[in-house]
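Below is one structure, written out as structure tokens, with a few remarks after it.
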Amino acid sequence: MFKLKHVAVSAAALALSVSAAMAEKVLRIQSVLPNTADEVFMLNEFGKDVAALTNGSLKIEVLPAGAVVGPRDIMDAVDAGLVEGGFAWTHYWGGKHVAANLFGAPVAGAGVGLDNIAFLSWFQYGGGRELYDRLWDEMGVNVKAFMLQPVGPEALGWFPKPIESMDDFRQMRFRAPPGMVGAAYADIGVPAVAMGGGDILPALEKGTIDAAEWCCPKPDSVFGFQKVLKHYYLQGLHQVVVNADMYINGDFYDGLSDLEKKALEVAANASLSKSMSYRIYENGKALKDLTDNHGVILEDTPADYFTEYMAAAKNALQAAADENEFFAEVWQSQKDFADVAVPFWAGAQASNASLGKAHADTLK
């Protein structure tokens, strides 16, 4: 009798184990970046949270750039179900819908002074998330997306010599991001050149371009800008806010349990905070290394840059709003939010920024 019971219990345990294994789902996410990138490190942290929250029923596997399709084809691949998920910066898809720029890299802080923290306030409590969820339908793709990683503000960039004014800047062939951000540079007379990350350093070394931007101290130092250029300008307006997100095929997402869907939401909200915290410290360490050990000189951005670039950015934003109804709706939401939140946030931050600058000056 004992043996029969023991066999029955073992069979039941085996059936439960097989059932659990069959229920396990794997969400493969192809990134636009190699697996060594900081963004992928944080994406894996997100995956650990999802696995823990679902008790292992939903696992995330991160695939490097090019594993299934090229970086610019990720959205189409997710839409078609060739891969369950993708990871990129939201504004990568500005060619599919211009409003993607307002979620991924709203030029000059949407023209109203949104920094990355204020942007998250709009996104989470000012109506931004609801508009973000509509973006993919407006784009015509079968995806469910989650914003994961806010970055910014990005540095103005790297230069071969100091620039005292916009007249100096206009003498430089400058690698700028594509789309609305780069177009604003062209509008103020900067010879802006769009190129992929892997082409930037060779172009600088050959003299095809004179100056360039990429991101922030940590990614910039990994790229190796300090090997060819020494004058670094931190203050810029072109990408004050930069957001990366994850896209899941809509059919795959619909097949998840309610608990698994909630786990993705909770882990995504945690990732917004964790990514920002991680970036501040990592960029600080990288900047210290650049200035202490690589001869990099921090410069102050010329005052006329801010007025000229902001004017061009606002013109670009207005032109896009005039042409696209959904873009206009999203931008109006950001402006309405900024009318309420920015006077408080900018005013409160001014004293802290001055105090921080005073501390930084003591370290020079």
Side-chain angles (χ1 to χ4, degrees), residues 88-136 138-139 145-157 176-188 192 194 213-216 235-245 272 275-276 279 305-343 345-346 349:
W89 292 277
T90 324
H91 56 285
Y92 261 43
W93 318 116
K96 291 183 174 292
H97 198 296
V98 67
N101 290 291
L102 289 174
F103 295 99
V107 60
V112 289
L114 295 183
D115 66 0
N116 51 0
I117 297 176
F119 180 93
L120 284 187
S121 179
W122 169 74
F123 181 75
Q124 294 184 303
Y125 293 102
R129 191 190 301 273
E130 292 76 15
L131 291 166
Y132 176 79
D133 287 340
R134 285 176 52 195
L135 172 66
W136 316 105
E138 295 281 341
M139 197 179 289
F146 293 87
M147 194 168 289
L148 297 183
Q149 296 184 26
V151 179
E154 291 199 355
L156 175 65
M180 191 174 290
V181 171
Y185 276 115
D187 288 345
I188 57 176
E213 71 80 51
W214 178 246
C215 178
C216 321
Q235 306 93 19
L237 281 177
H238 62 283
Q239 289 182 320
V240 182
V241 181
V242 187
N243 294 305
D245 47 13
L272 294 174
S275 296
M276 193 177 297
R279 286 286 190 155
Y305 161 82
F306 298 100
T307 53
E308 291 195 27
Y309 192 85
M310 180 59 81
K314 286 186 174 181
N315 288 338
L317 289 161
Q318 187 60 59
D322 291 342
E323 292 178 4
N324 187 276
E325 184 177 342
F326 183 63
F327 184 99
E329 183 180 352
V330 176
W331 190 36
Q332 188 62 52
S333 175
Q334 291 177 337
K335 290 189 289 184
D336 290 345
F337 169 86
D339 288 350
V340 175
V342 168
W345 187 235
Q349 287 293 92

**Request:** Output all residues satisfying side chain to side chain contact (heavy atoms under 4.5 Å, CB included) with Ala110, sequence neighbours left out; order by chain, then residue number.
**Result:**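 Ala110 satisfies side chain to side chain contact (heavy atoms under 4.5 Å, CB included) with Pro106, Val112, Leu114, Trp331, Gln334 only.
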
**Prompt:** Can you name the one residue among Phe146, Tyr132, Phe103 that meets ring-ring contact (aromatic ring centres under 6.0 Å, His included) with Phe123?
**Reply:**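 Exactly one pass, corresponding to Tyr132.
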
**Message:** Side chains of His97 and Asn324, heavy atoms from C-beta outward: is any pair under 4.5 Å?
**Reply:**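 Side chain of His97 against side chain of Asn324, heavy atoms only: contact under 4.5 Å found.
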
**Item:** Flag side-chain contact, heavy atom, 4.5 Å: Val98 against Phe326
**Value:**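 No, too far: nothing below the 4.5 Å cut-off.
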
Where [X] and [Y] come nearest, the two heavy atoms and their spacing:
X	Y	result
Glu213	Ala155	CB-O, 4.2 Å
Ala192	Gly182	CB-O, 3.8 Å
Met180	Ala320	CE-CB, 3.9 Å
Pro177	His238	CG-CD2, 4.2 Å
Trp89	Asp245	C-OD1, 4.1 Å
Arg279	Cys215	NH1-SG, 4.4 Å

**Request:** Taking atom CD of Glu325 as the centre, report whether more than 12 heavy atoms of other residues, nucleotides or ligands fall under 6.0 Å from it.
**Result:**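 No, CD of Glu325 has 12 or fewer neighbouring heavy atoms, counting only those of other groups under 6.0 Å.
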
**Partner of Glu308 by side-chain contact (heavy atoms from CB on, under 4.5 Å), out of Ile188, Leu237, Asp187** =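 Result for side-chain contact (heavy atoms from CB on, under 4.5 Å) with Glu308: Ile188.
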
**Asked** Using 30° and 60° as the class limits, which term best fits the ring planes of Tyr309 and Tyr185: parallel, tilted or perpendicular?
**Response**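 Judged by the thresholds at 30° and 60°, the geometry between Tyr309 and Tyr185 is tilted.
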
**Prompt:** What's the spacing between Leu131 CG and Glu138 CD if we round to 0.5 Å?
**Reply:**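 Those atoms lie 9.5 Å apart.
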
